[in-house]
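A quick write-up on the structure given underneath.
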Number of protein chains: 2
Amino acid sequence: MLLTIDLGSEVPLYQQIRDRVVEAIAGGDLAEGSALPSIRQLAADLAINFHTVNKAYDLLRQEGIIRINRKSGAMVRRDPSSGPPQPGYADDWQARLRTLLAEATVQGMTADEVLQRCGDTLASFHTEPTTKEPA
Amino acid sequence: MLLTIDLGSEVPLYQQIRDRVVEAIAGGDLAEGSALPSIRQLAADLAINFHTVNKAYDLLRQEGIIRINRKSGAMVRRDPSSGPPQPGYADDWQARLRTLLAEATVQGMTADEVLQRCGDTLASFHTEPTTKEPA
DNA sequence: TATCTGTTATAGCTCATCTATATCAGATAA
DNA sequence: TTATCTGATATAGATGAGCTATAACAGATA
């Protein structure tokens, strides 16, 4: 299964799909230029309505992360960062980061510990696709 | 104004209040043990219904971040991390961190840049309350 | 012709969010 | 006592988000 969602989560299904795709791209499991499952196919695999998948794909398209072609389906954009940078995106992302880090701090996590987790997470993105280990 | 919200945001008002309080605590603007505005007072200041503020405070209470006393109102918990750690909280937080960092990575931010922002943000929490600069 | 793709429209259901009103108990101060 | 503050709770209604269901269309492909 390319993608797993949690029907019981408070996070909307289309948001979960979007998040999983973003993580798969960052982690190298979805290479740039590779094709995503068709809307109907993924909806069938996940046993949800295809409109929900369509909304997730449309969101990814708006974010400049994937391209959607009427005939060939959806594919990971080759260089998302080369697209038009959303105005105010960096500020928005920074604000969300601040909220998340503040939460960890209040819950008693030390700055070192938080930074360690950030580093570990980022390092996990540098791995090659799970097809083969780098020799 | 202790707290600012954005009526036009997609983020629910009660969530915004919760986030701003968490950030204020992490940043030292709300010291441990200090009192929060009363539900009705804050609602009046923000020009919203007091039920919305009540929901935000209740959420903060459930997270172990504040204490609410029927007579003395709400106050910042002295040591939130000493409370009962929510089962699975660390995993949940880690998952949200992973999503956020993956997003930045996909949008073209380098790992160094992301880590730099994390460090800067965490460092900003170490400042004293904005009353006075450290001599 | 048949089947796949994305796209669009409409409708309905459920639930979250927010507001509005009202009431209650308890503490505090004039 | 009277008035005013506090949080807590119940009910109701409006609005919109999220998800599903059904249908139809255009274009590509086999």
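So you know, we letter chains A, B, ... as the sequences are listed, proteins then strands, and number each from 1.
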For this session: Taking salt bridge (charged side-chain N to carboxylate O under 4.0 Å, His left out) as the test, write out the residues that go with B/Arg96, two or more places apart.
Result: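 Partners of B/Arg96 under the salt bridge (charged side-chain N to carboxylate O under 4.0 Å, His left out) test: A/Glu103, B/Asp92.
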
Exercise. With A/Arg40, which residues qualify under salt bridge (charged side-chain N to carboxylate O under 4.0 Å, His left out), at least two apart?
Worked result: none

Exercise. Taking only residues two or more places apart in sequence or in another chain, which ones pass side chain to side chain contact (heavy atoms under 4.5 Å, CB included) with B/Ala26?
Worked result: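 Checked B/Ala26 against side chain to side chain contact (heavy atoms under 4.5 Å, CB included); matches are A/Ala102, A/Thr105, A/Val106, B/Phe125.
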
Exercise. For A/Asn54, which residues count as a side chain to side chain contact (heavy atoms under 4.5 Å, CB included) partner, sequence neighbours excluded?
Worked result: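 Residues passing side chain to side chain contact (heavy atoms under 4.5 Å, CB included) with A/Asn54: A/Ile39.
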
Exercise. Does a nitrogen or oxygen in the side chain of A/Thr52 sit under 4.0 Å from OP1 or OP2 of D/dC19?
Worked result: no

For this session: Determine: side-chain N/O of A/Lys55 to OP1/OP2 of D/dG18, distance under 4.0 Å, yes or no.
Result: yes

Problem set entry | Partners passing side-chain hydrogen bond (donor to acceptor under 3.5 Å, both in side chains) against B/Thr99 (at least two apart in sequence or in another chain) |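 B/Thr99: side-chain hydrogen bond (donor to acceptor under 3.5 Å, both in side chains) contacts with A/Glu23.
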
Problem set entry | With sequence neighbours excluded, residues passing side-chain hydrogen bond (donor to acceptor under 3.5 Å, both in side chains) with A/Gln16 | none

Exercise. Which value, rounded to the nearest 0.5 Å, describes the distance between B/Leu46 atom CG and B/Ile5 atom CD1?
Worked result: 4.5 Å

Side-chain donor-acceptor contacts of residues 6-14 of chain A below 3.5 Å, not counting sequence neighbours, with atom names and distances?
from   : atom 1 : to      : atom 2 : distance (Å)
A/Asp6 : OD1    : A/Gly8  : N      : 3.0
A/Ser9 : OG     : A/Val11 : N      : 2.9

For this session: With sequence neighbours excluded, give me every salt bridge (Lys or Arg N to Asp or Glu O under 4.0 Å) pair touching residues 48-63 of chain B.
Result: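 Every salt bridge (Lys or Arg N to Asp or Glu O under 4.0 Å) pair that includes a residue of residues 48-63 of chain B, provided the two are not neighbours, is B/Arg18-B/Glu63, B/Asp58-B/Arg61.
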
Exercise. So what does B/Asn54 touch, heavy atoms closer than 4.0 Å: a base, only the sugar-phosphate, or nothing?
Worked result: base

Exercise. Pairs in or reaching into residues 108-117 of chain B: which pass side-chain hydrogen bond (donor to acceptor under 3.5 Å, both in side chains), with residues at least two apart or in two chains?
Worked result: A/Gln94-B/Arg117, B/Gln116-B/Asp120

For this session: Please test B/Val114 against A/Cys118 for side-chain contact (heavy atoms from CB on, under 4.5 Å), starting from the C-alpha separation and ending with a verdict.
Result: CA-CA 9 Å; B/Val114 172; A/Cys118 291; over 6 Å; no

Exercise. Where along residues 10-24 of chain A does a heavy atom fall under 4.0 Å from DNA chain D?
Worked result: A/Pro12, A/Leu13, A/Tyr14

Seminar exercise, completed: Protein heavy-atom contacts under 4.0 Å, written 5' to 3' over nucleotides 21-30 of chain D as B (base), S (sugar-phosphate only) or - (none), form the string BBBB---S--

Let me know the distance between [atom1] of [X] and [atom2] of [N], rounded to the nearest Å.
X: B/Asn69; N: D/dC5; atom1: CG; atom2: C1'; value: 14 Å
X: B/Tyr57; N: D/dT6; atom1: OH; atom2: P; value: 11 Å
X: A/Ile5; N: D/dC19; atom1: CD1; atom2: P; value: 9 Å

Problem set entry | Nucleotide range of DNA chain C lying under 4.0 Å from chain B heavy atoms | C/dT17 to C/dA27

